[in-house]
Amino acid sequence: MSLPLGTLLKPVFPLSADAFPTMAAERFGAQEDMDRTWHTFEPVARTLVDSFYMTLDHPRHDDLVPRLEAVPPNCAASPTKARAWA
């Protein structure tokens, strides 16, 4: 029995948009404008994470491209919504 690549990689690459502010604070130190910066960056981070997991779940080009193109530009799809597209 073969497992999809996504099933094997998800535990190895645990990616969460909610963890980005903490990772940034650890990497660059706490900044006074962190909340404002996160407010601007959050849609990008959520789209990145959703697209990453969508790619793992649907590695076939013919299946993946329409799903990625369905995500509105500069707009984050919630993980629930992204999984609903699956």
Side-chain angles (χ1 to χ4, degrees):
M1 178 171 118
S2 66
L3 292 172
L5 185 59
T7 303
L8 298 172
L9 289 178
K10 284 180 186 176
V12 177
F13 297 108
L15 191 58
S16 166
D18 293 329
F20 278 27
T22 304
M23 290 187 309
E26 290 171 357
R27 170 87 170 144
F28 304 110
Q31 306 291 324
E32 63 184 55
D33 64 345
M34 194 77 108
D35 288 337
R36 185 172 48 90
T37 302
W38 175 243
H39 180 72
T40 302
F41 181 68
E42 183 178 15
V44 176
R46 295 204 182 279
T47 301
L48 171 82
V49 171
D50 290 346
S51 298
F52 173 76
Y53 283 123
M54 199 179 306
T55 302
L56 291 180
D57 289 339
H58 306 281
R60 288 185 42 237
H61 184 267
D62 293 343
D63 187 34
L64 175 64
V65 171
R67 292 172 190 275
L68 291 175
E69 288 177 345
V71 176
N74 300 320
C75 177
S78 72
T80 305
K81 193 179 288 183
R83 297 202 196 307
W85 293 341

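Here, residue 1 is the first one in the sequence, and each next residue gets the next number. On a predicted model such as this, the values are computed, not experimentally measured, just so you know.
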Under the side-chain contact (heavy atoms from CB on, under 4.5 Å) criterion, do Ser16 and Val49 qualify, and how do the steps go? CA-CA 6 Å; Ser16 166; Val49 171; 5.8 Å; no
Working note: Met54 + Asp57, criterion side-chain contact (heavy atoms from CB on, under 4.5 Å); need CA distance, chi angles, decisive distance, verdict. CA-CA 5 Å; Met54 199 179 306; Asp57 289 339; 5.7 Å; no
Test Tyr53 against Leu48 for side-chain contact (heavy atoms from CB on, under 4.5 Å), laying out the working first. CA-CA 9 Å; Tyr53 283 123; Leu48 171 82; over 6 Å; no
Can a salt bridge be assigned to the pair Arg46 and Asp18 using a cut-off of 4.0 Å between side-chain N and carboxylate O? yes
Please test Val44 against Phe41 for side-chain contact (heavy atoms from CB on, under 4.5 Å), starting from the C-alpha separation and ending with a verdict. CA-CA 5 Å; Val44 176; Phe41 181 68; 3.8 Å; yes
Trp38, Met23: one ILVMFWY side-chain cluster at the under-4.5 Å cut-off? yes
Any side-chain heavy-atom pair of Leu56 and Lys10 under 4.5 Å: yes
Can you tell me how far NE2 of His58 sits from CZ of Arg60, rounded to the nearest 0.5 angstrom? 11.0 Å
Could you give the distance from CG (Asp33) to CZ (Arg36), rounded to the nearest 0.5 Å? 5.0 Å
Measuring from Asp35:CG to Glu42:CD, what's the distance to the nearest 0.5 Å? 11.0 Å
